[in-house]
Amino acid sequence: MSPVQDDPEIIAALRETVRALCRDFPPSYWRGLDREKAYPTHFVQAMTQAGLLGVLIPEEYGGSGLGLTAAAAILEEVHASGGNAAALHAQMYTMGTVLRHGSPEQKQRWLPAVADGSIRLQAFGVTEPTAGTDTTSISTFARRDGDTYVINGQKVWTSRAEHSDLMVLLARTTPKDQVSKKSEGLSVFLVDMREAKGEGLTIKPIATMLNHATTEIFFDNLVIPADSLIGEEGKGFKYILDGMNAERILIAAECLGDSAWLIGKARDYANERRVFNRPIGQNQGVQFPIARAYAQAHAARLTVYDAAARYEAGLPCGEQANIAKLLASEASWAAADMCLQTHGGFGFAEEYDVERKFRETRLYQVAPISTNMILAYVAEHVLGLPRSY
Ligand SMILES: Cc1cc2nc3c(=O)[nH]c(=O)nc-3n(C[C@H](O)[C@H](O)[C@H](O)COP(=O)(O)OP(=O)(O)OC[C@H]3O[C@@H](n4cnc5c(N)ncnc54)[C@H](O)[C@@H]3O)c2cc1C
């Protein structure tokens, strides 16, 4: 474990840096974007210029060489400010597939540019309309043709594709009915979307209940160089799984930030709002839900940073990462429901930002992995119950 990663002073300083930066992007900034369904370009630029998106990239490739605790703290603070890191969090961790499984040439070529933000690597194309959570049933196919692969198929919910230069793509390279294990025959590619757009790759935005630049992507005989393949052909499913614990821990940290913001907002409103000649927060029916949400968030926080520490130490952390994501997403949703209720009718008014956060934090029980699948993981892999699917 790196001593730098463990240093609480470095984490505290990072948190302060993010808090200071986020003061220039108050909730009104996010509210405006939400109305317009616009991408937070200025915020992403500010975070990039501050070097905050390259923290997980080793120093030899131009990053800060910090660990997951640092990345989690950064994302938590963005959310605790009332903002949302969905537009940029993937720039932090999608490169992990290249870092862990890429060739030395791929790492030299891409990681320094991702670290300084000159290349945006934040599109991750796994989910498909017909396969859903059953990832090994994806049908997007990459056929080897000399020095190239030819790709056909469709992805859905590929977020940030319009704001990314590269995409990590999971595709079949051997049909499912020709492999002995369904997790085999899947491969990972790093697709240069700057060259691919209009040449076989089409991106279509999906309008959603929250401001999340998500899209569907169509591949129609897209030709990419064979050296876009990451690692070994056919082993891609394992590579994707390797990155999932990190992603779950980081998303859980965002939920912690949402919880903190929502609880703070409810506390302030409950102290200020007077009905029946007293602050509404004097009523136990109002204050207990706030206290309960706080306790839930506190418990979730212990699991998130425990999982991050285990990940950093290179220890197995599937159980911890999944439980952290489960508890943190449930805590933030409970906090959102509580905060809306505490605000009464005003909770529905856009200018309070509560309804926005309510919509935003609901996502985490579905993406990047739904609650049922986490429970299935815990049931099967932790408790030894029979596999249910
Ligand atoms: C805003 C947004 C952004 C996203 N960004 C990305 C992205 O960048 N890249 C990407 O690849 N994907 C992305 N996703 C996709 C996301 O990971 C999936 O939506 C999520 O994993 C759930 O898959 P699904 O929507 O296909 O649901 P389905 O698999 O269709 O499942 C529907 C429901 O049934 C439940 N279910 C299904 N099977 C079982 C079972 N065996 N047991 C119990 N319950 C079950 C699920 O839990 C879920 O609640 C995004 C999704 C959203 C909404």
Side-chain angles (χ1 to χ4, degrees), residues 33-34 37 39-40 84-97 120-140 153-172 182 186 188-191 193 201 203-219 236-237 239-241 243-248 250-252 254-255 258 321-322 325-326 329-330 333 356-381 385-389:
L33 294 171
D34 185 65
K37 288 262 180 354
Y39 188 75
N84 193 304
L88 52 76
H89 56 199
Q91 180 80 3
M92 276 179 164
Y93 59 76
T94 311
M95 63 79 209
T97 310
R120 299 165 304 168
L121 167 49
Q122 48 172 3
F124 185 56
V126 174
T127 310
E128 296 191 3
T130 51
T133 307
D134 184 5
T135 304
T136 62
S137 293
I138 62 166
S139 52
T140 295
Q154 183 189 347
K155 294 287 171 185
V156 71
W157 305 120
T158 311
S159 300
R160 302 160 297 271
E162 294 171 296
H163 306 278
S164 193
D165 301 307
L166 304 178
M167 168 170 50
V168 167
L169 171 73
L170 184 72
R172 274 231 162 259
K182 61 184 182 173
L186 292 157
V188 169
F189 298 91
L190 195 57
V191 177
M193 293 198 292
L201 180 141
I203 304 173
K204 284 197 181 159
I206 304 176
T208 57
M209 69 182 254
L210 69 168
N211 183 23
H212 193 110
T214 196
T215 71
E216 55 186 334
I217 297 199
F218 300 88
F219 302 91
F237 188 66
Y239 302 161
I240 294 290
L241 285 186
M244 285 186 172
N245 285 335
E247 184 181 49
R248 283 170 203 180
L250 293 176
I251 298 297
E254 294 182 0
C255 295
D258 279 350
N322 278 284
K325 158 70 172 56
L326 173 76
S329 65
E330 289 184 345
W333 177 236
R356 173 175 60 82
K357 270 279 165 228
F358 182 91
R359 287 181 279 119
E360 288 177 0
T361 214
R362 183 62 181 83
L363 173 67
Y364 303 119
Q365 282 179 70
V366 171
I369 179 81
S370 61
T371 301
N372 276 0
M373 302 322 287
I374 291 189
L375 291 171
Y377 176 93
V378 174
E380 180 187 344
H381 296 284
L385 289 162
R387 186 175 172 85
S388 61
Y389 58 94

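Bear in mind that the values here come from a model prediction, so they are computed numbers and not experimental data. Each ligand, and each atom within it, is numbered from 1 in the order the structure gives.
- Scanning the protein heavy atoms around atom 10 (C) of ligand 1, the nearest turns out to be Thr127 OG1, 3.3 Å.
- Geometrically, ligand 1 and His212 share no nitrogen or oxygen pair separated by less than 3.5 Å.
- Closest to atom 7 (C) of ligand 1, if we only count protein heavy atoms, is Trp157 O, 2.7 Å.
- Close N/O approach between Val126 and ligand 1 is found [any backbone or side-chain N/O within under 3.5 Å].
- Using 4.0 Å as the threshold, Ala376 has no heavy atom nearer than that to any atom of ligand 1.
- Close approach to Gly132 involves these atoms of ligand 1, each under 4.0 Å from a residue heavy atom: 26 (O), 29 (O).
- The protein atom (non-hydrogen) at minimum distance from atom 42 (N) of ligand 1 is Met373 SD, 4.3 Å.
- At least one side-chain heavy atom of Thr136 sits under 4.5 Å from a side-chain heavy atom of Arg172.
- Here the side chain of Arg120 pairs no donor or acceptor atom with the backbone of Leu88 at under 3.5 angstrom.
- For atom 46 (C) of ligand 1, the nearest non-hydrogen atom of the protein is Ser370 OG, 3.4 Å.
- Residue Tyr389 touches ligand 1 through its side chain alone, judged by heavy-atom distances below 4.0 Å.
- Using a 4.5 Å heavy-atom threshold, the side chains of Thr158 and Phe124 count as separate.
- Distance remark: protein heavy atom present below 4.0 angstrom from atom 51 (C) of ligand 1.
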Show, in sequence, the C-alpha distance, side-chain angles and deciding distance for Leu385 and Glu380, and conclude whether the side chain to side chain contact (heavy atoms under 4.5 Å, CB included) test is met.
CA-CA 5 Å; Leu385 289 162; Glu380 180 187 344; 5.8 Å; no
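- Under the salt bridge (Lys or Arg N to Asp or Glu O under 4.0 Å) criterion, Glu360 pairs with Arg356, Lys357, sequence neighbours left out.
- The presence of a protein heavy atom under 4.0 Å from atom 33 (C) of ligand 1 is ruled out.
- With Thr361 contributing its side chain and Phe358 its backbone, the two residues share no donor-acceptor pair below 3.5 Å.
- Closest to atom 53 (C) of ligand 1, if we only count protein heavy atoms, is Leu363 CD1, 3.6 Å.
- By the criterion of a heavy-atom distance under 4.0 Å, neither the backbone nor the side chain of Thr208 is placed next to ligand 1.
- Of all atoms in ligand 1, listed by their number and element, those nearer than 4.0 Å to a heavy atom of Val366 are 20 (C), 21 (O), 22 (C).
- Nearest protein heavy-atom contact of atom 3 (C) of ligand 1 is Ser159 OG, 3.2 Å.
- Annotation: side chain of Asn322 is not in contact with side chain of Met373 (no heavy-atom distance under 4.5 Å).
- A donor-acceptor pair shorter than 3.5 Å can be found between the side chains of Glu128 and Thr140.
- With a 4.5 Å cut-off on side-chain heavy atoms, Lys325 and Ile369 count as touching.
- Evaluated by nearest non-hydrogen atom to atom 23 (O) of ligand 1, the leading choice among Asn372, Leu210, Ile206, Thr133 is Thr133.
- Considering both main-chain and side-chain atoms, Pro368 comes within under 3.5 Å of ligand 1 through a nitrogen or oxygen pair.
- Using modelled atom types, no side-chain atom of Tyr93 and backbone atom of Gly243 make a donor-acceptor pair closer than 3.5 Å.
- Summary of contacts: the protein heavy atom closest to atom 9 (N) of ligand 1 is Phe124 O, 2.8 Å.
- For Lys204 and Glu216, the salt-bridge test fails: no basic side-chain N is under 4.0 Å from an acidic carboxylate O.
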